[in-house]
Number of protein chains: 2
Amino acid sequence: MDALAAIAEPTRRRIVDGLRLRECTVSELVDMLGMSQPAVSKHLRVLREAGVVSAQTRAQQRVYRLEPGPFRELDAWLAPYRRMWTHHLGELERHLDRKAAGPRLGNKAGPRLDN
Amino acid sequence: MDALAAIAEPTRRRIVDGLRLRECTVSELVDMLGMSQPAVSKHLRVLREAGVVSAQTRAQQRVYRLEPGPFRELDAWLAPYRRMWTHHLGELERHLDRKAAGPRLGNKAGPRLDN
DNA sequence: CAGTTATATAACCGTCAAGGCATGCACGAG
DNA sequence: CTCGTGCATGCCTTGACGGTTATATAACTG
């Protein structure tokens, strides 16, 4: 699933979010992103090679649209993690309960571990 | 959703996948990944600051576990994209269809103008 | 106390990627 | 055929990131 790395990039996620509703040409995306056209084309190349988008040549323009495959993969990868919040939480629930009730014994004033 | 960038990294995804079933100490993760301990600790720091994992100090060990929040966010972000394959899946994706019994049907012979 | 275990942090390095500009290429218009 | 448009590619710089070794911090052990 290299598509995840492609989508993780902020600019590319903006592109993907922009393509969610309607397909776009490169110029439209350049307009939407406020970046140089080569930069956008390079991001589109990354997304293309990751299978996230596909391009259709129309006149001198390239119309880009989303491909569902990577999203399905991501959804499938995410599926087992859904148990964390949909099914009875079990162990996690106990963990949260402990955190809400009081800190663990024996380890107060621990080092800053954030979160 | 900075957690996506955190999860996108291959090593960190291995950590996350490893933590999916059972919580682990740093040493266990080092063992599982075959990397140096500082490298693992840095990845865990990134995951911690992204809210993907949380740590609990137990004796001299830190027990890491997954935090459901980012996964729920990712699920929520992914939700609108689900229309791409739950709704009329027609154009480009029948070969990946999971509920179609027979993979027959004529090929659409779409122009592969990418890759 | 000293010593060991478990983990975090610091300093450093090589690599890689994102952004810019300039250019090449394909296509349609004239 | 020539020009303009729309997009891709090549080159370059810079900043971020993953990995390592060495060191600091914290807690248990004797």
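All values below come from the heavy atoms of this structure, side chains included, with hydrogens, waters and symmetry mates left out. Everything numeric here is computed off the predicted structure, so don't read it as measured data. Numbered from 1 within each chain, the chains take letters A, B, ... in sequence-line order.
To the nearest angstrom, P of dG19(D) lies 12 Å from CG of Leu44(B). Between the C1' atom of dA18(C) and the CD1 atom of Ile7(A) lies a distance of 18 Å, rounded to the nearest Å. Atom CD in Gln61(A) sits roughly 15 Å away from atom C1' in dA8(D) (whole-Å rounding). The separation between Leu29(B) atom CG and dA6(C) atom P is 14 Å, rounded to whole Å. Here the P atom of nucleotide dA8(C) and the CG atom of Leu47(B) are 12 Å apart, to the nearest Å. Atom pair Leu33(A):CG and dA18(C):P shows a separation of 14 Å (rounding to whole Å applied). Going from atom CZ of Arg58(B) over to atom C1' of dA26(D) covers 17 Å, rounded to whole Å. Counting to the nearest Å, the C1' atom of dA8(C) and the CZ atom of Arg48(B) are 8 Å from each other.
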Under 3.5 Å, which N/O atoms of the protein pair with N/O atoms of nucleotides 27-30 of chain C?
unit_1  : atom_1 : unit_2   : atom_2 : d
dG28(C) : O4'    : Gln60(A) : NE2    : 3.0

Are there any protein N/O atoms within less than 3.5 Å of an N/O atom in nucleotides 19-24 of chain C, and if so, which ones and at what distance?
unit_1  : atom_1 : unit_2   : atom_2 : d
dG19(C) : OP1    : Thr11(A) : OG1    : 3.3
dG19(C) : OP2    : His43(A) : NE2    : 2.2
dG19(C) : N7     : Lys42(A) : NZ     : 3.1
dG19(C) : O6     : Lys42(A) : NZ     : 2.9
dG20(C) : OP2    : Ser36(A) : N      : 3.4
dG20(C) : OP2    : Ser36(A) : OG     : 2.8
dG20(C) : O6     : Lys42(A) : NZ     : 2.9

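Looking at residues two or more places apart in sequence or on another chain, you find no side chain to side chain donor-acceptor pair (under 3.5 Å) involving Arg62(A). Asp17(B) pairs by the side chain to side chain donor-acceptor pair (under 3.5 Å) definition with Trp77(A), Tyr81(A), not counting sequence neighbours. Applying the side-chain contact (heavy atoms from CB on, under 4.5 Å) rule to Gln61(A) yields the partners Thr25(A); only residues at least two apart in sequence or on another chain are considered. By the side-chain contact (heavy atoms from CB on, under 4.5 Å) test, Ala76(A) pairs with no residue at all, sequence neighbours left out. For Gln60(A), there are no side chain to side chain donor-acceptor pair (under 3.5 Å) partners at least two apart in sequence or on another chain. Checked against side chain to side chain donor-acceptor pair (under 3.5 Å), Ser41(B) has the following partners two or more places apart in sequence or in another chain: Gln37(B). Legend: residues meeting side-chain contact (heavy atoms from CB on, under 4.5 Å) with Ala59(A), ordered by chain and number and at least two apart, are absent.
Shown here for Met84(B) and Glu67(A), the closest heavy-atom pair between the two residues is CE-O, 4.3 Å. Looking at every heavy atom in both residues, Ala3(A) comes nearest to Pro70(A) through CB-CB, 3.6 Å.
In terms of phosphate contacts, Tyr64(B) brings no side-chain nitrogen or oxygen within less than 4.0 Å of OP1 or OP2 of dA6(C). Between Arg62(A) and the phosphate of dG6(D), there is no side-chain N or O to OP1/OP2 separation shorter than 4.0 Å.
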